[in-house]
Structure formats: C-alpha cells, structure tokens
Amino acid sequence: MTPVALIDSGVANIGSMRAALEREGAHVTVTRDWNEIARAPRVILPGVGAAAAAMRELDALGLSTRLPTLKQPVLGVCLGMQLLFSTSDEGGQTRCLGLFDGTIRRLEASAAARVPHMGWNALQILREHPLIAGLDERSYAYFVHSFAAPVSELTLASCQHGQPFCAIVARGNFMAAQFHPERSSAVGARLIRNFLAMS
Amino acid sequence: MTTTQLTRRLIPCLDVRDGKVVKGVRFRDHVVMGDILDLAMRYRDAGADELVFYDITASPEGRSVDRTWVERVARAIDIPFCVAGGIRSITDAREVLFAGADKISVNTPALERPALIRELSDEFGAQCVVVGIDSKRIDSEWRVNRYTGDPNKTQQLSIRTLDWVRQAQELGAGEIVLNCMNVDGERRGYDLEQLKAVRAICEVPLIASGGAGAPEHFANAFALADVDGALAASVFHSGEVEIPALKLYLLDRGHAIRPPEPAHA
C-alpha cells in the first residue's frame, strides 16, 4: 500500500481520483496540510476548474511556494498539470508553479476540432519513461479541457486536437497528464500503477 | 485501426427512478431495467465511452438528484459519467460533482432560469456543464419541452429549439445533448434532419439522443449529422445492439472510435 497525498485544492473533483488510486492499492490521504504533503511518498495535484481560482487557493494554503520544493514523485492531473507550467492564459495571465517551462494556451476551435476538447483521444508516444510503460499509440485516454500545454522536449506523449499539444510530461520527480487517468479505463489505471510503482 | 483525432463517443443512458434504471417508450410506461451499479459496470466492461444518468423524476418532483448512488458509481467505474436531474444551483451541482460525477447536465432548471448555465460555467468550467434539450416538432418548428420525466407535467414551451441552443452556448454550455422526442424509443434512427440543423449552429460538442435501433443509425448520426457522440438507452439495455460489436462495425466503416478494450484483469 503506497501512501499518497491527494491535494485538496478546493476546486478539484477529488472523489473519483481517490477511488482510482484506491483501486490500484494506494492508501490515500486527502489533504491541504503541508506537513502531510511533504512526508507522503507520492503526491497528486488534481484539478478541475479554472487556473486563476486554483492558484489563488494554493496561495492561500501557502502551497504555491512549497510544492516546487518536493523531492518525491509528484503527479499533476488536468488542471493540476497546467498549474505546474510557468503561466496560463486562462483568466488573463495567471502565474503558475513554474516546474515546466511554457505557457498554457487556449485550444484553437474549428469545425474539425471543437472546444472544449472532450472525449477519448489517442496518445502519441514521443519518448520512453517509466510513467508510460505499457502505453503505446493504441492507447486512448479521456480528455476534458479547453486549455493545453505546448509540446516540448519534456513531453512524453502528445495528443492531436486541431493542433498537437502535450498529453504527458515529466521532468525529474515532477510528472503530469492532461487527461484524466481516473476516467481513462485500463490506460489510466496503467499510468496510475506506473506512478505508484516508480522508484 | 488507430486514429489521431478525437473519437466519437457511444453513451448508454440510464434513466434512474427510485434508485433503479428504467426505460419507457416516448417518455411513458417506465419499466425497471436493473440495478444502477450492475448496469454501470456492465457498460464499462463493454467499452462504453461515457455514461449518463438521468434522475428522471427529480425535476417534476421539485427535488435534486439522490447523491448516494452517484458516490457508489464514481467509486466503481473508471469511465466518465454525467448526472442530470433537478440540479438548480451551484450548491446542487457542487454536491453532485464532489460525489464523483464528471459532468452535470441541466434541462428544466435552465429553462426556468437560463442564468443558471452561466453561473455553473463560471464556477466549474464549461466542460462540466451539459445542457440537455428535449425537442419536439410542432407545426414545422422544433420546440423545447420541459418536465419530460413525468408525462402529466410535460410542458411544451414556445421557445424554438435552435434559439435555445444558441442561447445556451452564449451562456457557457460546454456540451449539448439533443433529445429528439418525436423519435425517442422507436428505434427507427436518430432524427438526422433536426441534428443537422442544430449541428450547423452548435460549436460545442453535440450528442444525439433518441431513436437509435441499429448499428447503421449510429453510423448515420456520425457521418451525416457530424455529432460528437450518440446516446442510446433501450437498444443497449435490451442487448439488441452490443457495444463491442457496434464499435467494430463503426471502425470497419472508417469512423473514429475508441476500440473495444480487451477483457480486464
């Protein structure tokens, strides 16, 4: 049973993420307490909602300066992934946590690529990493978002919706997925298992 | 076959009444189909891309959705699901979302007070906010109905469906589910004419609902009306159309579909 601190940032859909972690055998503590977060072997920053509101919440909790100092594996999910980048265009210019370089931008809508990007889409694997062991180009994940991160040399897997964007990213102990692993069936379960098993 | 684009969703709809899944024809004569959790797990295993639960008696009875089963479903399944029924405020929506639903769908309460769509969208993001529309053709115009869960209370409004679709988008709806009441439950195919008309003005994801009876109906809705997803109830509940076979049928015809997953360990 891997202990996991699931950060309760106030706007997140915590319940389904918690259940997904527990299905993979994790012992989950939903918390906003820095000491609990700091000592957990795994940390997850989930998120549903808007970037500016989420950053305000992290600021108020005293977490926005502390989270970047974590040394254990940290996984950002959906908005939680976007918060790990430098800035977000959502809600004007929102300063984020700065673990990954780049600006979160709104997906460009067209008749062929409607926004929000909502549904199952294929992953394109760009580089190998323990987090994505077992995933390949036949892996489909469930996305729900209007903003996205750019593809960069940190990108593990990209996805295509009108334009390519970053679906999974990693740098050192910080990792993130734009899609919802807790709602991506076997593909999501594999990513969570990989994250929990990481040394 | 691998597609590098967003796939079209197949969405079983579970109408919930008194804690059981029910289905009627043309919104009447509901019969019990089974337990919520049993059916949810069955559809998840079959490869459903999403589930929708309609608490069909919530709005007519003036109450919000019963959250205990939302929590049970959220813990058990690992595909997205949407909950509808009597959500009239941010507080109602927050409870359902925090119980584990991925999206909420509003229908009658949004007609009573359209500003609700804006409030929900601002609070939770457009991607959480689905607007369900029950639409019926009367005198050569598609018009919106409400309180459709209870035939004795169903009201035909003067609002034109196309106007309401436009307004809902302006207010921040992230997805539209268009239920075509004229064909609902008859299994003769989706109302392609109406879906095409709505698709032409709908910039957010559009889900077809009502009338599915055979695999070609799904193919037609995707190919001819360009809908993002197709919702169906009785044809799935009865086993007449099995989702894995339907997916293979659609993949064979070149549709962007998430392939059925191998059996789970």
Side-chain angles (χ1 to χ4, degrees), chain A residues 10-20 22-24 47-51 53 78-79 90 109-124 136-147 158-162 164 179-190 192, chain B residues 1-11 44-45 47-50 70-81 94 96-103 121-130 174-175 199-200 202-207 226 228-229 256-259 261-265:
Chain A
V11 290
N13 183 5
I14 296 285
S16 43
M17 180 53 92
R18 176 184 196 137
E22 288 174 351
R23 282 194 297 269
E24 300 306 325
V48 167
C78 196
L79 177 65
E90 192 180 12
S110 70
R114 294 174 193 109
V115 175
H117 176 222
M118 179 146 53
W120 296 80
N121 205 332
L123 302 175
Q124 279 109 53
D136 58 29
E137 74 282 356
R138 290 164 301 178
S139 298
Y140 287 74
Y142 184 75
F143 293 85
V144 184
H145 61 121
S146 299
F147 288 78
S158 65
C159 182
Q160 181 81 27
H161 187 62
F179 58 87
H180 287 271
E182 76 279 18
R183 287 289 178 256
S184 293
S185 202
V187 167
R190 182 62 196 260
I192 290 171
Chain B
M1 180 194 291
T2 303
T3 55
T4 55
Q5 70 189 86
L6 183 61
T7 57
R8 315 251 187 196
R9 285 172 272 155
L10 298 177
I11 309 171
R44 174 247 179 261
D45 291 343
D49 297 306
E50 187 172 325
V70 178
E71 250 167 53
R72 289 194 298 138
V73 169
R75 298 193 71 78
I77 66 168
D78 57 6
I79 58 171
F81 71 102
R94 181 177 285 119
V96 172
L97 291 170
F98 273 51
D102 300 280
K103 307 177 197 177
S121 187
D122 284 349
E123 183 71 17
F124 304 109
Q127 66 278 0
C128 285
V129 182
V130 180
E175 179 162 284
R199 174 80 284 173
C202 183
E203 290 167 12
V204 297
L206 174 65
I207 308 299
D226 190 22
D228 299 276
I257 293 287
R258 178 175 70 113
E261 279 178 10
H264 280 266

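Order of the sequence lines fixes the chain letters, A, B, ..., with proteins taken first and strands second; residue numbering starts at 1 for each chain. All values derive from a computational prediction rather than experimental measurement.
Shortest non-hydrogen contact noted between A:Arg114 and B:Asp228 is NH1-OD1, 2.9 Å. Residues B:Gly100 and A:Arg183 approach most closely at O-NH2, 3.3 Å, considering heavy atoms. When all heavy atoms are compared, the tightest approach of B:Ile257 to A:Tyr140 is O-OH, 4.3 Å. Minimum heavy-atom separation, B:Leu6 to A:Asn121: N-ND2, 3.3 Å. Among all heavy-atom pairs drawn from A:Ser146 and B:Gln127, the shortest one is OG-OE1, 4.4 Å.
For a residue to count as touching a neighbouring chain, one of its non-hydrogen atoms must lie under 4.5 Å from one of that chain's; by this rule B:Asp122 does not touch chain A. Contacts between B:Arg9 and chain A at a heavy-atom distance below 4.5 Å involve the side chain alone, from C-beta outward.
The most heavy-atom pairs under 4.5 Å with chain A, out of B:Ala74, B:Pro80, B:Ala126, come from B:Pro80. Contact count against chain A (heavy-atom pairs under 4.5 Å) is highest for B:Arg258 among B:Lys103, B:Arg75, B:Arg258.
The distance from atom CG of B:Asp102 to atom OG of A:Ser16, rounded to the nearest 0.5 Å, is 5.5 Å. The structure places OG1 of B:Thr7 at 8.5 Å from CH2 of A:Trp120, a figure rounded to the nearest 0.5 Å. A distance of 8.5 Å separates CD1 in A:Ile192 from CG in B:Asp78, rounded to the nearest 0.5 Å. B:Glu175 contributes atom CD, which lies 4.0 Å from atom CE of A:Met118 (distance to the nearest 0.5 angstrom). One distance of note links OG of A:Ser185 with CZ of B:Arg44; it measures 4.0 Å at 0.5 Å rounding.
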